[in-house]
Every structure is written in C-alpha cells, then in structure tokens.
Amino acid sequence: MTHDDNTADAVSGPGGTPPGPSPVRPSTPDADSAGSGTAPSPEDAALPPELAPAALTLFGDRLDLAAAYAELLVTDGVVRGLIGPREAPRIWERHLLNCAAVAERIRSGATVLDVGSGAGLPGLVLAIARPDLTVTLIEPLARRTSFLIEVVEQLGLAKSVRVFRGRADEAATGSSGRDPISGDVVTARAVAPLDRLAAWSLPLAVRGGRLLALKGSSAAAEIEQHAEVVTRLGGGESTVHLCGVDVIDPPTTVVEIVRERMVGPRPAASKRDRGGRSRRR
C-alpha cells in the first residue's frame with residue numbers, strides 16, 4: 001500500500017445490520033488455484049487447519065467475524081484490486097494473523113489511527129480482534145475508502161471504526177473545515193520507509209503516543225539509517241518488537257517509536273520564502 005497525494009473529504013461508513021458472519025471452513029485442495037486467472041472464490045478464504053489454534057488465540061470469539069472479513073478480502077478485495085490474487089490462499093498466514101499479533105502492543109481502550117489503510121490492514125484486523133479499540137482508517141484513494149466503508153457496514157463495526165478519506169498530514173492538521181485528529185497509537189503496514197512514515201505518522205500521535213510500524217527484515221537497518229530524522233520529528237529511540245511469539249511463525253516484526261516531543265508539521269512556505277524577496281509597490 002502506498003501513500004497517495006490525492007486530497008478528499010472525510011467520509012465514514014453508515015451503520016446497519018450486517019449479514020451473519022461466514023463460518024470458518026476447512027481448507028480445500030484447490031485453494032492454491034488463486035491467481036490462475038479464475039474468478040476469486042470464497043473458498044480461498046478458508047482457514048487452514050494448522051493455523052486454527054493461532055487464529056483462535058488471536059481472535060477468540062470473534063473468529064467468525066475475522067473469517068467474514070477474509071472472505072470479503074479474497075472476493076471483492078481481489079476484484080477491486082486491493083489484494084493480489086496470489087495472496088488469497090495465504091490471506092490468514094500472511095495478512096490476518098500477521099496483523100492481529102500487533103494487538104499485544106496496544107493497551108485496553110486505546111484510540112488507533114491506521115495510516116495508508118488500503119484494504120484495512122492492519123486497522124480493520126485490530127478492530128475485529130480488539131472490540132475495546134476505537135479505530136480510524138486513514139486512506140486517500142476513493143476506491144479503497146469505498147471498500148472500507150462497505151466492509152465496516154457489513155461487519156457491523158460502525159460504532160468503533162471510522163473511515164477518513166484523506167492523507168495523513170490532512171488528518172493531523174485538519175483541512176477543508178475538518179478538525180485535526182490524533183490517537184494513542186498510529187499503525188502502518190507496507191506504507192513507506194521509516195523516515196517518511198515517521199513524518200506522516202508521529203504528528204497524529206498524542207504526546208506519549210506511539211507509532212507501531214509493521215516491518216520485515218529491514219527493520220534494524222531502517223532504524224539505524226533514519227534515527228536522526230525520527231529524533232528531529234520528536235520521536236524517541238526506535239525499538240524492535242516481535243509480536244505473536246509462540247503463536248505465529250514467523251512472529252510479526254514491529255518498529256515502535258514513542259512521540260516524546262510535540263513537533264508540529266512544518267507550515268507551507270510563503271511565496272517570499274520560496275522566491276526570495278517579495279515585490280514592493
């Protein structure tokens with residue numbers, strides 16, 4: 001998922017009575033056929049039996065709700081280009097469980113802002129796994145926010161999940177008459193390198209709030225490379241945490257940065273600043 005520069009108004013999904021969640025089905029032999037050019041099938045969302053214990057640990061009594069979301073991802077999500085067809089057979093291992101493991105780093109009752117939410121990863125997964133959280137999904141692209149709004153409505157999550165159409169900087173500073181928003185935790189997955197991600201995300205966190213960035217094997221290298229930028233943005237020392245140890249394999253790698261100082265976003269440069277001397281009449 002990428003950070004887009006398109007601007008738009010805030011939107012939120014309406015409420016409503018969702019359909020009953022899909023049952024968790026055993027995997028089928030032809031699940032690996034996703035990406036072969038055939039139409040996506042709900043069967044591709046099946047929970048592999050070997051992952052069932054981890055899924056139950058992470059989602060508990062909301063596992064059926066997670067299964068309903070998985071089905072939406074591998075059908076509508078694939079058709080609308082939010083999820084690659086080859087990801088369908090591994091939607092649980094690579095996406096849902098990977099995101100849900102991050103919940104262990106979030107305190108009870110926290111407000112969570114998910115930057116570059118895309119198809120709702122990890123924001124919607126966290127909202128499903130943790131009904132105590134209040135989650136805002138921040139996404140600038142219209143086709144993605146439309147999908148998110150529909151999913152929020154169908155899963156019955158409108159009381160705890162809001163969809164904000166716009167960029168992270170617009171959410172932090174307010175635009176088009178909208179009030180700025182902030183949260184206890186800012187999450188992001190596959191959005192940008194740590195320097196740019198911190199610039200977009202830290203202004204959204206309250207003082208003492210945290211950025212939780214889902215990263216891969218490059219986490220330590222990114223921390224070293226961008227440490228100076230993170231400090232300049234008001235962040236504390238970046239730390240790496242492995243989430244879901246002894247639950248999922250491999251565990252989820254998360255870079256955590258606490259917002260220690262309130263460094264506001266840089267104001268837009270004036271014409272005088274950009275062009276030197278101003279003209280006098």
As an exercise, state the distance from [atom1] of [X] to [atom2] of [Y], rounded to the nearest 0.5 Å.
X      : Y      : atom1 : atom2 : value
Thr57  : Asp246 : OG1   : CG    : 11.0 Å
Leu121 : Leu96  : CG    : CG    : 7.0 Å
Ile138 : Arg165 : CD1   : CZ    : 14.5 Å
Leu113 : Ser201 : CG    : OG    : 9.0 Å
Glu139 : Leu148 : CD    : CG    : 6.5 Å

Might you work through the side-chain contact (heavy atoms from CB on, under 4.5 Å) test for Ile128 and Leu157, ending with a clear yes or no?
CA-CA 8 Å; Ile128 292 169; Leu157 296 173; 4.0 Å; yes
Between [X] and [Y] (side chain of the first, backbone of the second, donor and acceptor by atom type, cut-off under 3.5 Å), is there such a pair?
X      : Y      : answer
Arg162 : Thr136 : no
Glu170 : Arg167 : yes
Arg130 : Ile106 : yes

Might you confirm whether atom CD of Glu256 has over 12 heavy atoms from other residues, nucleotides or ligands at distances under 6.0 Å?
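Check passes, neighbour count above 12.
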Looking only at non-hydrogen atoms, find the nearest pair between [X] and [Y] and report the distance.
X      : Y      : value
Gly244 : Glu104 : N-OE1, 3.0 Å
Asp114 : Gly120 : OD2-C, 4.4 Å
Ile181 : Leu204 : O-CD2, 3.6 Å

Give the C-alpha distance, both sets of side-chain angles, the deciding distance and a yes or no for side-chain contact (heavy atoms from CB on, under 4.5 Å) between Thr253 and Val240.
CA-CA 7 Å; Thr253 301; Val240 176; 3.8 Å; yes
Same apolar cluster: [X] and [Y], side chain cutoff 4.5 Å:
X      : Y      : result
Leu197 : Val229 : yes
Leu56  : Val102 : yes
Ile223 : Leu211 : yes

As a quick check of understanding, evaluate side-chain contact (heavy atoms from CB on, under 4.5 Å) for Leu126 and Val185, giving each step before the final call.
CA-CA 12 Å; Leu126 293 171; Val185 174; over 6 Å; no
